[in-house]
Amino acid sequence: MRRPTATRRLLVPALALAVTAVPSVAVAGGGRDAGGGTEGNATGSTGDGVIRAETKVTTSVNGSSEPTGTGTLTPENSNWTPPACWYEPAFSPKQIEKTVKLWRGLDGLFFLRGVGDFIGDSLDSYYKDGEPYKNYNLDKQGEGMFWAAVKNPNRLDDPEANSCNKQPFWVDEGQVPEEPLAVSPQILAEYAYDELPVPGTEIEMKPAGATKVNLPTWIWLDKARFKKISVTASLPGTGLSATTTAEPVSLHIDPGTSDAQTYPASGDCQINADGSIGEPYADGKANDTPPCGITYLRASGSDGAYALQATVTWKISWTSTTGEGGDLPEGTFGATQDVTVQEIQSVNR
């Protein structure tokens with residue numbers, strides 16, 4: 001029997017009312033194709049009436065399951081960001097049925113009497129009574145999964161995280177849904193972009209800490225610290241994974257004042273063949289022009305120090321288990337260091 005359309009229209013405000021009382025839902029499934037999935041954890045998220053799941057995507061850094069690092073890249077293309085949400089295999093038919101039963105259990109809370117059955121009826125009309133699914137697709141158990149919206153854990157506060165607002169939808173095992181935001185190797189690669197742990201950019205300087213007006217300051221970065229970094233993102237049970245690699249290509253130095261000259265003039269120090277940036281200072285080179293460095297033309301004075309900004313640019317590429325791959329926008333990560341600049345003192349005889 002069809003339930004009134006008005007019931008479905010009231011589903012969203014009712015779900016929003018009950019959101020704080022909903023328990024987590026463990027989900028399970030099977031299969032290795034696009035329509036399949038593996039056992040994992042998911043949580044009904046109902047602030048806007050959409051049943052969402054927690055992503056089961058896992059990441060590893062250079063083969064390690066414990067990513068380490070000091071910073072996250074900022075895309076140079078300000079119009080591009082990693083995806084804030086996507087859809088992935090999440091619920092088996094039995095788990096969709098279980099979710100509805102959990103909603104009905106809300107009636108046990110005295111301040112939500114009647115809400116549980118109301119929400120349960122609304123969900124049943126969608127997943128049980130043929131609009132558009134019948135009996136939760138229980139006759140297809142093991143033959144596919146309901147794909148659900150998930151949010152990028154790194155972008156939960158991004159308004160775009162709510163743009164995946166479809167209710168869980170059925171996908172037969174071995175099929176790929178006609179949904180632009182369905183999880184794919186490229187989405188995994190873009191998610192891995194957010195997980196790249198790039199090292200801090202505390203540069204080596206000579207003189208260190210304080211320098212003199214008109215005295216060249218040498219700047220360099222250690223090749224052992226600045227090298228390629230890779231993160232692999234995988235969705236268990238689907239055979240899908242992508243590896244995103246960041247490779248340092250240049251260091252940009254901003255002296256923190258216009259009263260300075262950078263080397264090169266652009267302030268962009270390119271990476272050397274051995275992976276280092278710049279050149280360490282050596283005795284006897286005090287009057288040489290550094291390949292990467294700064295000459296300050298005015299003392300920092302009463303302000304105490306100039307805020308030197310050092311930013312490393314990283315080239316980003318990706319590959320995947322399907323053979324797909326390509327480039328992603330370059331990323332940057334930087335830090336500031338205080339540099340005190342003093343006048344050269346002279347002695348009059």
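- The distance from atom OG1 of Thr311 to atom CG of Leu251, rounded to the nearest 0.5 Å, is 7.5 Å.
- When only modelled atom types and interatomic distance are considered, Gln186 and Ser184 share no side-chain donor-acceptor pair under 3.5 Å.
- In terms of heavy-atom proximity, Leu181 sits nearest to Ile187 at O-CD1, 3.7 Å.
- Inter-residue side-chain proximity for Pro290 and Ile219 is flagged as unmet; no heavy-atom pair is nearer than 4.5 Å.
- We find the OG1-CH2 distance between Thr211 and Trp218 to be 13.0 Å, quoted to the nearest 0.5 Å.
- Counting heavy atoms from C-beta outward, Phe333 and Thr72 have side chains that stay 4.5 Å or more apart.
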- Task: Carefully, step by step, assess Val213 and Arg298 under the rule side chain to side chain contact (heavy atoms under 4.5 Å, CB included).
- Result: CA-CA 6 Å; Val213 171; Arg298 187 184 297 272; 5.6 Å; no
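- Contact annotation: the side chain of Pro280 never approaches that of Glu204 to less than 4.5 Å [non-hydrogen atoms, C-beta and beyond].
- With no hydrogens or angles considered, no side-chain donor-acceptor pair links Thr313 and Thr332 at under 3.5 Å.
- Summarising the geometry of Cys85 relative to Glu160, their closest heavy-atom pair is SG-O, 3.6 Å, with the distance given to 0.1 Å.
- Residues Trp147 and Glu179 are not in side-chain contact: their nearest non-hydrogen atoms beyond the backbone lie 4.5 Å or more apart.
- Remark: side-chain polar atoms of Ser241 are not paired, donor with acceptor, to backbone N or O of Thr232 under 3.5 angstrom.
- Shortest non-hydrogen contact noted between Pro83 and Asn152 is O-ND2, 2.9 Å.
- Note on ring orientation: taking the six-membered ring where Trp is involved, the planes of Tyr306 and Tyr296 are parallel (angle under 30°, cut-offs 30° and 60°).
- Between the side chain of Tyr193 and the backbone N or O of Leu73, no donor-acceptor pair lies under 3.5 Å.
- From Asp172, atom CG reaches atom NZ of Lys140 across 4.5 Å, with rounding to the nearest 0.5 Å.
- With no hydrogens or angles considered, no side-chain donor-acceptor pair links Thr217 and Tyr281 at under 3.5 Å.
- Residue Tyr126 is grouped with residue Ile51 when hydrophobic side chains (ILVMFWY) are merged at heavy-atom distances under 4.5 angstrom, including chains of intermediate members.
- No donor-acceptor pair closer than 3.5 Å links the side chain of Glu88 to the backbone N or O of Thr55.
- No continuous path of ILVMFWY side-chain contacts below 4.5 Å connects Leu297 to Met205, so the two sit in separate hydrophobic clusters.
- The shortest distance between side-chain heavy atoms of Val341 and Thr257 does not fall below 4.5 Å.
- Surrounding CG of Asp157 are at most 12 heavy atoms belonging to other residues, nucleotides or ligands under 6.0 Å away.
- At least one side-chain heavy atom of Tyr136 sits under 4.5 Å from a side-chain heavy atom of Lys128.
- Checked by atom type, the side-chain pair Asn137/Tyr127 shows no donor-acceptor distance below 3.5 Å.
- Both Ile96 and Tyr133 sit in one connected hydrophobic cluster of ILVMFWY residues. Membership requires side-chain heavy atoms under 4.5 Å apart, directly or through other members.
- Residue Phe91 holds its CZ atom at 13.0 Å from CH2 of Trp170, rounded to the nearest 0.5 Å.
- Tested against Thr59, the residues Val231, Leu196, Leu188, Asp194 include a single side-chain contact (heavy atoms from CB on, under 4.5 Å) partner, Val231.
- In the hydrophobic clustering of this structure, Val198 groups with Leu328; members are Ile, Leu, Val, Met, Phe, Trp, Tyr whose side-chain heavy atoms approach within less than 4.5 Å, directly or through other members.
- In this structure, NZ in Lys285 is found 13.5 Å from NZ in Lys206, a value given to the nearest 0.5 Å.
- Nearest heavy-atom pair, Ala149 versus Lys166, reported as atom, atom and distance to 0.1 Å: CB-O, 4.5 Å.
- Across all their heavy atoms, Thr244 and Ala189 have their closest contact at OG1-O, 2.7 Å.
- Taking the side chain as every heavy atom from C-beta outward, Ile203 and Leu308 approach each other to under 4.5 Å.
- When all heavy atoms of Pro89 and Met145 are compared, the pair lying nearest together is CB-SD, 3.9 Å.
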- Mind running side chain to side chain contact (heavy atoms under 4.5 Å, CB included) on Trp220 and Ser276 for me, showing each step along the way? CA-CA 8 Å; Trp220 68 95; Ser276 63; over 6 Å; no
- Are Asn154 and Glu195 close enough, and set up right, to give a side chain to side chain contact (heavy atoms under 4.5 Å, CB included), and what steps lead you there? CA-CA 9 Å; Asn154 299 309; Glu195 297 286 308; 2.7 Å; yes
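- A continuous path of hydrophobic side-chain contacts links Ile277 to Ile316 [ILVMFWY only; heavy atoms under 4.5 Å].
- Side-chain N or O atoms of Asn272 include one that pairs as donor or acceptor with a backbone N or O of Gly278 at under 3.5 Å.
- Between Glu190 and Trp318 there is no side-chain heavy-atom pair separated by less than 4.5 Å.
- Annotation: the span from Asn135 atom CG to Asp124 atom CG amounts to 9.5 Å, rounded to 0.5 Å.
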